[in-house]
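In what follows, a single structure is set out as structure tokens and then discussed.
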Amino acid sequence: MPAGTSGFERGTDGPKVILAGVDGSETSWRAAAYAAGLARRQGSLLAVVYVQPTLAAAAALGAPVADTTAEVAEELVAEIRRAVEQLRGIFEVRWEFHTLHGDAYGGLVQAAQELKADAVIVGASEQAGHRFVGSVAVRLVKAGRWPVTVVP
């Protein structure tokens with residue numbers, strides 16, 4: 001190994017870890033399904049990541065934000081487990097579920113770095129304003145750290 005290298009090289013023998021960002025939206029479920037297919041074909045680990053938003057303003061007004069986002073995370077895990085059970089024996093894939101707190105972009109970047117992801121798969125934003133300001137997907141692509149696939 002040449003001096004100054006870390007010993008970790010992304011994607012040299014195919015992806016070892018494929019990260020799929022989910023938020024419960026239809027496009028994020030399509031992204032997770034696409035990522036699962038890739039992980040199955042490549043023999044990769046599928047890391048499904050949900051970033052729980054922290055809404056300081058809502059929390060300051062007394063809204064039960066932590067409880068609500070924790071419920072969303074639990075629902076996502078339950079939905080993923082149901083899908084995995086339905087496909088057991090037909091469609092086998094190794095997977096993990098991770099949940100972090102913060103903004104979606106920062107959380108996905110953190111997860112991708114910690115998990116040494118070889119690829120990041122996300123759904124296209126369903127919010128009209130993101131065409132002008134930039135979505136999480138666009139920001140991930142611009143970061144240029146991983147191959148990013150945006151699923152419509």
Side-chain angles (χ1 to χ4, degrees), residues 4-40 42-84 93-152:
T5 60
S6 66
F8 172 71
E9 192 174 350
R10 268 191 185 86
T12 53
D13 293 325
K16 290 183 179 40
V17 178
I18 297 174
L19 185 147
V22 295
D23 61 7
S25 68
E26 193 63 36
T27 59
S28 78
W29 285 122
R30 285 195 293 267
Y34 180 83
L38 286 176
R40 180 185 58 83
Q42 295 289 328
S44 306
L45 172 67
L46 172 63
V48 179
V49 177
Y50 169 61
V51 182
Q52 295 183 26
T54 53
L55 304 173
L61 296 173
V65 175
D67 292 342
T68 303
T69 58
E71 287 174 22
V72 170
E74 289 174 21
E75 289 172 19
L76 290 172
V77 171
E79 185 65 32
I80 293 165
R81 285 201 173 114
R82 277 192 293 275
V84 168
V93 65
R94 295 179 304 122
W95 67 280
E96 302 174 346
F97 182 80
H98 300 269
T99 184
L100 296 97
H101 298 274
D103 72 288
Y105 171 77
L108 291 174
V109 166
Q110 177 186 343
Q113 289 172 334
E114 289 176 3
L115 296 167
K116 295 184 177 171
D118 293 299
V120 177
I121 316 292
V122 293
S125 176
E126 295 178 337
Q127 297 180 9
H130 283 172
R131 281 177 256 174
F132 304 108
V133 216
S135 65
V136 171
V138 169
R139 292 173 66 196
L140 287 167
V141 169
K142 286 182 177 180
R145 297 183 192 167
W146 318 268
V148 177
T149 302
V150 182
V151 177

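For reference, positions follow the sequence shown, starting with 1. In what follows, every heavy atom counts, from backbone to side chain, and hydrogens, waters and symmetry copies are set aside.
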Exercise. How many angstroms lie between NE2 in His98 and CG in Leu115, if you round to the nearest 0.5 Å?
Worked result: 4.5 Å

For this session: Report yes if some heavy atom in the side chain of Glu96 is under 4.5 Å from a heavy atom in the side chain of Leu45; otherwise report no.
Result: yes

For this session: Kindly give the heavy-atom pair with the smallest separation between Ala137 and Val150, and that separation in Å.
Result: CB-CG2, 3.6 Å

Exercise. With a 4.5 Å heavy-atom cut-off, do Thr99 and Phe97 have their side chains touching?
Worked result: yes

Seminar exercise, completed: One should read off an interatomic distance between Asp103 CG and Leu108 CG, to the nearest 0.5 angstrom, of 9.0 Å

Name each donor-acceptor pair under 3.5 Å that joins a side chain in residues 29-39 to protein atoms two or more places apart or in another chain, with its distance.
from  : atom 1 : to     : atom 2 : distance (Å)
Trp29 : NE1    : Gly24  : O      : 3.4
Arg30 : NE     : Pro152 : O      : 2.7
Arg30 : NH2    : Pro152 : O      : 3.2

For this session: Might you point out which heavy atoms bring Lys16 and Arg94 nearest each other, and give the distance in Å?
Result: O-NH2, 4.4 Å

Exercise. Considering all heavy atoms of both residues, which atom of Val93 and which atom of Ser44 are nearest to each other, and what is their separation?
Worked result: CG2-O, 4.4 Å

Problem set entry | For Thr149, side-chain hydrogen bond (donor to acceptor under 3.5 Å, both in side chains) partners two or more places apart | none

Problem set entry | Residues that Val120 engages under side chain to side chain contact (heavy atoms under 4.5 Å, CB included), provided they are two or more places apart | Leu19, Ala112, Val122, Leu140, Trp146, Val148

Exercise. So do the side chains of Arg145 and Gln113 get within less than 4.5 Å of each other, counting heavy atoms only?
Worked result: yes

Seminar exercise, completed: Hits for side chain to side chain contact (heavy atoms under 4.5 Å, CB included) against Gln110, two or more places apart or cross-chain, chain-then-number order -> Leu100, Glu114

